[in-house]
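All heavy atoms count here, side chains included; hydrogens, waters and symmetry mates do not. Order of appearance sets the numbers: ligands from 1, and atoms from 1 within every ligand.
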Amino acid sequence: MSSTPPPFDPIDPLGLDDLLEPEDLAVRDAVRAWARDRVLPHIAEWYERGELPVIRELAKELGALGALGMPLEGYGCAGASAVQYGLACLELEAADSGIRSLVSVQGSLAMYAIHRFGTEEQKQRWLPSMAAGELIGCFGLTEPDVGSDPAAMRTHARRDGDDWVLNGRKMWITNGSVAGVAVVWARTEDGVAGFAVPTDSPGFSAPEIRHKWSLRASVTSELVMDEVRLPADALLPGARGLRAPLSCLNHARYGIVWGAMGAARASFEAALEYARTREQFGRPIGGFQLTQGKLADMALELHKGLLLAHHLGRRMDAGLLRPEQVSFGKLNNVREAIEICRTARTVLGANGISLEYPVMRHATNLESVLTYEGTVEMHQLVLGKALTGLDAFR
Ligand SMILES: Cc1cc2nc3c(=O)[nH]c(=O)nc-3n(C[C@H](O)[C@H](O)[C@H](O)COP(=O)(O)OP(=O)(O)OC[C@H]3O[C@@H](n4cnc5c(N)ncnc54)[C@H](O)[C@@H]3O)c2cc1C
């Protein structure tokens, strides 16, 4: 082999684009262009206001892009590969974790639950409008007193004739106040069950949670269910026990493995650009060894994380991906992404804390990403159990 290697590309130092097919690159470029045009010009303002004011318009545009329920088959979904879905998450989170969260919850949690556990009638009723972004969904598992241990959930559903009657509260629910359908997990006589709850049902309300210092451009809500009466066909019949919501989370976590690297990439690129142009002591700060050490270490973790995401994507496409491997990816990539953002913040000095630059916004967003979809500690425990065969959860 005597071919000449291409020049070194600081943005793709390992040549990872070579792993992508032309159709993967097309998906990536389309989502990147959408995020550049529709999110980046406004995101600092939305973040500062603590709102996502155009969420309904954005959802429809994301639907038109094919980004909602992207890897699902039928019902208006794109039927994309796991790698393509991952690339979309990467590009969306490079804009803001709030936008990727909107897409993850819609597609990987709410739509996935209905697609996997619903009847044909439920799928026909909900999925086409959700894929188009005309209807927003949310996923209610966490409660005020129940987070990492969902087996302790208190929300419950009792039978009343043919109906179900739902009571309880869910907390920290993404998309809650703007959702038309809520997938709610509740305890029943037969164990944990999932319900597709129309949010205009009497007794259902979803007050928005304010005063967040992370994921500010994302709608986060409480779900309050007070004697919510549901017809028998609100139950998702294929969902039996806690395994059902956990399988949805596994799917969403996979998207986070890629998405977190998007936030890291945006922060790395901001730091690289800043290091090249900002001068102190008569020369660019990128010329100092300590800054170069930071940039080199950031690039290492960023591209190792992307390689890991790609590997897991290929395993998912081949039907070989295990939940422990998703934990591996989520634990590593979110932890490294937040470290990259924090390091980028130091390269930018005081400007690093300004919303004029993306790094502090990404760093604060990743504080939520570190916690939701299983905390760092939960994924350490998943891996610890897989490695030792010993369960240390309780
Ligand atoms: C912005 C945002 C959006 C969210 N969106 C959603 C959503 O759409 N739907 C939804 O259902 N939930 C959502 N969540 C909730 C999220 O999934 C939970 O916050 C998460 O599961 C952790 O639960 P907790 O916050 O109650 O923490 P806790 O479970 O109370 O944990 C607190 C701390 O104790 C640690 N801990 C707990 N048990 C152990 C143990 N056995 N060993 C060691 N350490 C332990 C945890 O790791 C953590 O560090 C969201 C959260 C945020 C911040």
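Considering Trp172, Trp185, Tyr372 only, the shortest heavy-atom separation from atom 13 (C) of ligand 1 involves Trp172. Which of His379, Glu377, Met378 comes nearest to atom 37 (C) of ligand 1 through a heavy atom is settled by distance: it is Met378. Comparing Ser368, Ala392, Ser214 against atom 53 (C) of ligand 1, the shortest heavy-atom distance belongs to Ser368.
What sits closest to atom 25 (O) of ligand 1 on the protein, heavy atoms only, is Thr371 CG2, 4.3 Å. Summary of contacts: the protein heavy atom closest to atom 26 (O) of ligand 1 is Gly147 CA, 3.2 Å. Nearest protein neighbour of atom 42 (N) of ligand 1, counting heavy atoms only, is Leu381 CD1, 3.7 Å. With respect to atom 10 (C) of ligand 1, the closest heavy atom belonging to the protein is Thr142 OG1, 3.3 Å.
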Problem - Criterion ring pair (Phe, Tyr, Trp, His ring centres under 6.0 Å) on Tyr372 and Trp172, from CA distance to verdict - result: CA-CA 9 Å; Tyr372 70 23; Trp172 298 112; over 10 Å; no
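Under the 4.0 angstrom criterion, atom 23 (O) of ligand 1 counts as having a protein heavy-atom contact. Checking atom 3 (C) of ligand 1 against the protein gives a heavy-atom contact under 4.0 Å. Under the 4.0 Å distance rule, the nearest protein heavy atom to atom 39 (C) of ligand 1 falls inside the cut-off. When distances from atom 34 (O) of ligand 1 to the protein are checked, no heavy atom turns up under 4.0 Å.
The shortest heavy-atom contact between Leu20 and Val83 is CD2-CG1, 4.1 Å.
Checking only distances, Phe393 does come within under 3.5 Å of ligand 1, N or O to N or O. Taking only nitrogen or oxygen atoms, main chain and side chain alike, Thr375 reaches within less than 3.5 Å of ligand 1. Polar contact check, Ser148 against ligand 1: a nitrogen or oxygen pair lies under 3.5 Å apart. The shortest N or O to N or O distance between Thr220 and ligand 1 is not under 3.5 Å. Remark: ligand 1 and Val105 share no N or O pair separated by less than 3.5 Å (distance only, no angle test). For the pair Leu141 and ligand 1, the shortest N or O to N or O distance falls below 3.5 Å. Taking any N or O of Thr174, backbone or side chain, at least one lies under 3.5 Å from an N or O belonging to ligand 1.
Note that CD of Glu189 is 12.5 Å distant from CZ of Arg187, once rounded to the nearest 0.5 Å. Distance check: Met171 CE to Leu141 CG gives 14.5 Å after rounding to the nearest 0.5 Å. Atom CG of Asp226 is separated from atom CG of Leu166 by 10.5 Å, given to the nearest 0.5 angstrom.
Ligand-side atoms of ligand 1 in range of Phe139: 7 (C), 8 (O), 9 (N), 10 (C), 11 (O), range being under 4.0 angstrom from any heavy atom. Of all atoms in ligand 1, numbered sequentially from 1 with element shown, those under 4.0 Å from a heavy atom of Leu215 are 1 (C).
For Tyr47 and Thr364, the side-chain atoms include at least one donor-acceptor pair closer than 3.5 Å. Remark: the Ser267 side chain and the Tyr357 side chain contain no N/O donor-acceptor pair separated by less than 3.5 Å. Between the side chains of Glu208 and Thr220, no donor N or O sits under 3.5 Å from an acceptor N or O.
The pair Lys212-Glu367 does not count as a salt bridge, with every side-chain nitrogen at least 4.0 angstrom from each carboxylate oxygen. Salt bridge present: Glu91 and Arg265 bring a charged side-chain N and a carboxylate O closer than 4.0 Å.
Ring geometry for Tyr112 against His251 counts as parallel: the plane angle stays under 30°, on a 0 to 90° scale with 60° as the upper cut.
Ligand 1 does not have Asn175 within reach: every non-hydrogen atom of the residue lies 4.0 Å or more from it.
In this structure, Glu93 contributes its side chain and Trp258 its backbone to no donor-acceptor pair below 3.5 Å. Panel note: side chain Thr346, backbone Thr343; a donor-acceptor pair is recorded below 3.5 Å.
Residue Ile173 touches ligand 1 through backbone and side chain together, judged by heavy-atom distances below 4.0 Å.
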